[in-house]
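Contents: one structure, followed by commentary.
Reminder, nothing fancy here: chain letters follow the sequence lines and each chain counts from 1.
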Amino acid sequence: MVDNAQFDDIPGTTVFTAERSRRGFQLNQFCMSLMKAENRARFKADERTYLDEWPLTDEQRKAVADRDYNAMLAVGGNIYFLSKIFATDGLSFVQAVSTMTGMSVEEYQTMMLAGGRSIEGWRSVSGEA
Amino acid sequence: MARITAGLATSHIPAMGMAVDLGKTAEDYWKPVFAGYDWTRAWAETERPDAVILVYNDHASAFSLEMIPTFALGCAERFAPADEGYGARPVPVVQGHSELAAHLAQALILDEFDLTIMNALDVDHGLTVPLSLVYGQPEAWPVRVIPLAVNVVQYPPPTGRRCLSLGKAIRRAVESFDQDLDVQVWGTGGMSHQLQGPRAGLINKDFDTAFLDRLVSDAESLALLPHIEYLRESGSEGIEMVMWLVMRGALGPDVEELHRFYHVPASNTAVGHIVLRPTDHHDTKAG
């Protein structure tokens, strides 16, 4: 049996396993559709109608509508797929990624310029790693 | 006989590609990043291989979740830059080396590496950013490129040991090709970074430095590093570094370090870059 419990011990991190991929398949397929310029235009013009064309769960639909990237990760989204959403919104990786950290874009950029987030205190939930 | 003449590894951060495309490389933020590639650009002028086997990962561009090949070899004549959601990068179409690629596909599968063969493939920033870093903005890329896409998006990617072994098999396969070709192998991605969740922005310079050191002189034991160590210590996206081991495996047991560069940050990521030369033979076509 595959045991992925070790991943849950990494704080603030969602490892995109086959199980998460299975749950997030339609959400990530929707994201892929935004690689086409005409689909991006349709999505921007009427998000609700566009999202309704995809067989997403209510949770997935709400997470996208709210642009809540942590919530999208929790319902099976993968960051490389989700990047199609923030690219459509005209956001950079830094702008979008910072929204998951509870920091403002400026605070996040300041942290990155100072050498990034230190691993100290972010290794292990249990403290055993 | 074809031969591996050098190995190169570099991060393939999309923002670095955008900095090139938008003419921002001389700005304060980017200047120190691109300065780290000055040596390499000069070296690349004097040392131009007939083909580059470029190990990279696709970022949900050519491969959706419908198909997730662990190793996919680009055997096409050419590869178009992908539209990743911002429009395709304004870079030349990548010219393949389909003759060598066809040989590699056959030799590697018979050597028990069950590759997926790609006869059509759009290539994203994972492949085109390294070309921009080394060759700038030419009208046409000065080298032919054989893409080797590695799954690092859905867990699990191949193990480090499998990547190192594939590199060794690539060397054997190149050396059994009957044309007189100089071939480089590039590994891309990394270094430490995490693009998701509350831990995003993680950088681990100690991990990255040790990885670079061991890549040069201790690759066999580095290849045994388990996935969990990459994920925990170098961030969820730091696991891209397993791809550097394909490059390292292709160079043989001993290498000379020609150039190294490390810088934090570019966007969300630690930039790492290294150029290596196999030391067991220097017999390039030029002598």
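The minimum heavy-atom distance between B/S236 and A/T13, with the atom names listed, is CB-CG2, 4.0 Å. Nearest heavy-atom pair, A/F93 versus B/S267, reported as atom, atom and distance to 0.1 Å: CB-OG, 4.3 Å. Closest approach of A/N70 and B/P198 over heavy atoms only: OD1-CD, 3.7 Å.
Each of B/E66, B/Q194, B/H227, B/R232 has some count of heavy-atom pairs under 4.5 Å with chain A, and the biggest count is that of B/R232. Of the residues considered (A/I85, A/T17, A/L82, A/T14), A/T14 shows the highest number of contacts with chain B, using heavy-atom pairs under 4.5 Å. The choice from A/P11, A/S83, A/A74 that makes the most heavy-atom pairs within less than 4.5 Å of chain B is A/P11. Chain B forms more heavy-atom pairs under 4.5 Å with one residue of A/K36, A/E120, A/M111, A/M100 than with any other, namely A/M100. Across B/K205, B/E84, B/E233, the residue that shares the most heavy-atom pairs under 4.5 angstrom with chain A is B/E233.
Looking at B/Y29, the atoms closer than 4.5 Å to chain A (heavy atoms on both sides) all sit in the side chain, from C-beta outward. Within the 4.5 angstrom heavy-atom criterion, atoms from both the backbone and the side chain of A/L113 approach chain B. Heavy atoms closer than 4.5 Å to chain B are found in the side chain of A/M32, but not in its backbone. Looking at A/I119, both its backbone and its side chain come within 4.5 Å of chain B, counting heavy atoms on both sides. B/S61 touches chain A through backbone and side chain together, each having a heavy atom under 4.5 Å away. If you measure heavy-atom distances from A/S118 to chain B, the contacts under 4.5 Å come from the backbone alone. If you measure heavy-atom distances from A/Y108 to chain B, the contacts under 4.5 Å come from the side chain alone. Contacts of B/H193 with chain A are made by side-chain atoms alone, with heavy-atom separations under 4.5 Å and no backbone atom involved. Heavy atoms of A/Q29 lying under 4.5 Å from chain B belong exclusively to its side chain. Of the atoms belonging to A/S92, it is backbone heavy atoms, and not side-chain ones, that fall under 4.5 Å from chain B. For B/P14, the part lying under 4.5 angstrom from a heavy atom of chain A is the side chain only.
Proximity of B/Y155 to A/R20: side-chain heavy atoms (C-beta onward) are nowhere separated by under 4.5 Å. With contacts defined as side-chain heavy-atom distances shorter than 4.5 Å, the pair A/M112/B/I203 qualifies. Looking at B/L65 and A/F16, their side chains come closer than 4.5 Å, going by heavy atoms from C-beta outward. A heavy-atom distance below 4.5 Å is found between the side chains of A/R40 and B/D83.
Between the side chain of A/R117 and the backbone N or O of B/A200 there is at least one donor-acceptor pair closer than 3.5 Å. Side chain of B/R199 to backbone of A/W122: a donor-acceptor contact under 3.5 angstrom is found. Under the 3.5 Å distance criterion, the side-chain polar atoms of B/E237 are left unmatched by any main-chain donor or acceptor of A/I79.
Residue A/E59 places its CD atom among 12 or fewer non-hydrogen atoms of other residues, nucleotides or ligands, all under 6.0 Å distant. Around atom CZ of B/R161, no more than 12 heavy atoms belonging to other residues, nucleotides or ligands sit under 6.0 Å away. The number of heavy-atom neighbours closer than 6.0 Å to CG of A/D66, taken from other residues, nucleotides and ligands shown, is above 12. Within 6.0 Å of CG in B/D28 there are 12 or fewer heavy atoms belonging to other residues, nucleotides or ligands.
Here the CD-OH distance, from B/Q154 to A/Y80, works out to 14.0 Å after rounding to the nearest 0.5 Å. To the nearest 0.5 Å, atom NZ of residue A/K84 and atom NE2 of residue B/H59 are 9.0 Å apart.
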Please determine whether side chain to side chain contact (heavy atoms under 4.5 Å, CB included) holds for the pair B/L231 and A/V15, giving the CA-CA distance in whole Å, both sets of side-chain angles, and the decisive distance to 0.1 Å. CA-CA 8 Å; B/L231 293 167; A/V15 177; 4.2 Å; yes
